[in-house]
Amino acid sequence: MPKGPDLATRVRQVRERLARAAEAAGRQPADVRLIGVTKTHSPATARAAVAAGVEELGENRVQELAAKMPLVDGARWHLVGNLQRNKVKQVVGHAVLVHSLDRRSLADTLSRQASELGVVQRVLVQVNVGGDPAKHGCGMDEALDLVAYARDLPHLTVEGLMTIPPLPGPGAPPAEAARPHFAALRHLRDDAKARFPEVVHLSMGMSADLEAAVAEGATMVRIGTALFGPRAAGPWRPQEVGT
Ligand SMILES: *Cc1c(COP(=O)(O)O)cnc(C)c1O
């Protein structure tokens, strides 16, 4: 664990930020789910998060997710990063929610694997709201078609949309820079929900911009640094450190 406040204190601080942001927006704090993003951190840290009441955990790499999942009792895991089709087997039936559906071919593979396991996989469609070439996600103009396509597959359910806004320019306050992107995702979600009522969730907001995300209607925020401190340079690997 990093120096500074202990994890329980950080969890309390993040929950207070979420509660204040929810109240300022006239929303219920309970309507915003906290997902602790444990990438690069050890399973021991993930277990400590669960012990501190953060049971929903997220990873952005499949390999790291698969390595950590069996070592952390009581967690519900989210895949928040890019998913390649050849890694779908490690995810379907294990992750409660895949936040990164961004193309039809991936939807097909996810549904096929879910069908083999006899499960329905819950997913979010990831949208590249900023049109940032460095980011994954379908385009704004493709999102509704992808939602419609994926929800028609027998073993997928599309429960909402996810985005990662572009990095703010140098010196720009992250929350203000992100806010119009969060608003755009919310409008898109509203359009999708008008056609498909199960499309309710908005996964948006990270450590630096969670207030703006909650103000724009986030139902899930993905928080790493504010809970777990700075990240290691690379992914956590089982052989490197004790668990
Ligand atoms: C790392 C990561 C986060 C958490 O970012 P912080 O700024 O550390 O809170 C959220 N979402 C995704 C997709 C990530 O990869």
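Order of listing sets the numbers, starting from 1, for every ligand and every atom in it.
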Calculate, to the nearest 0.5 Å, the distance between atoms CG and OG belonging to Leu227 and Ser207 respectively. 6.5 Å
For the hydrophobic clusters of this structure (ILVMFWY residues joined by side-chain heavy atoms under 4.5 Å, transitively), does one cluster hold both Val221 and Leu97? no
So does Glu64 pair up with Lys39, basic N to acidic O under 4.0 Å? no
In order of chain and number, which residues sit within 4.0 Å of ligand 1 by heavy atom? Val37, Lys39, Asn60, Val80, Ile164, Met206, Ser207, Arg222, Ile223, Gly224, Thr225, Arg231
May I ask you to check whether over 12 heavy atoms, not counting those of Lys89, lie within 6.0 Å of atom NZ? no
Arg76 bridged to Glu56 by N-O distance under 4.0 Å: yes
Thr157 and Arg151 side chains, donor-acceptor separation under 3.5 Å: no
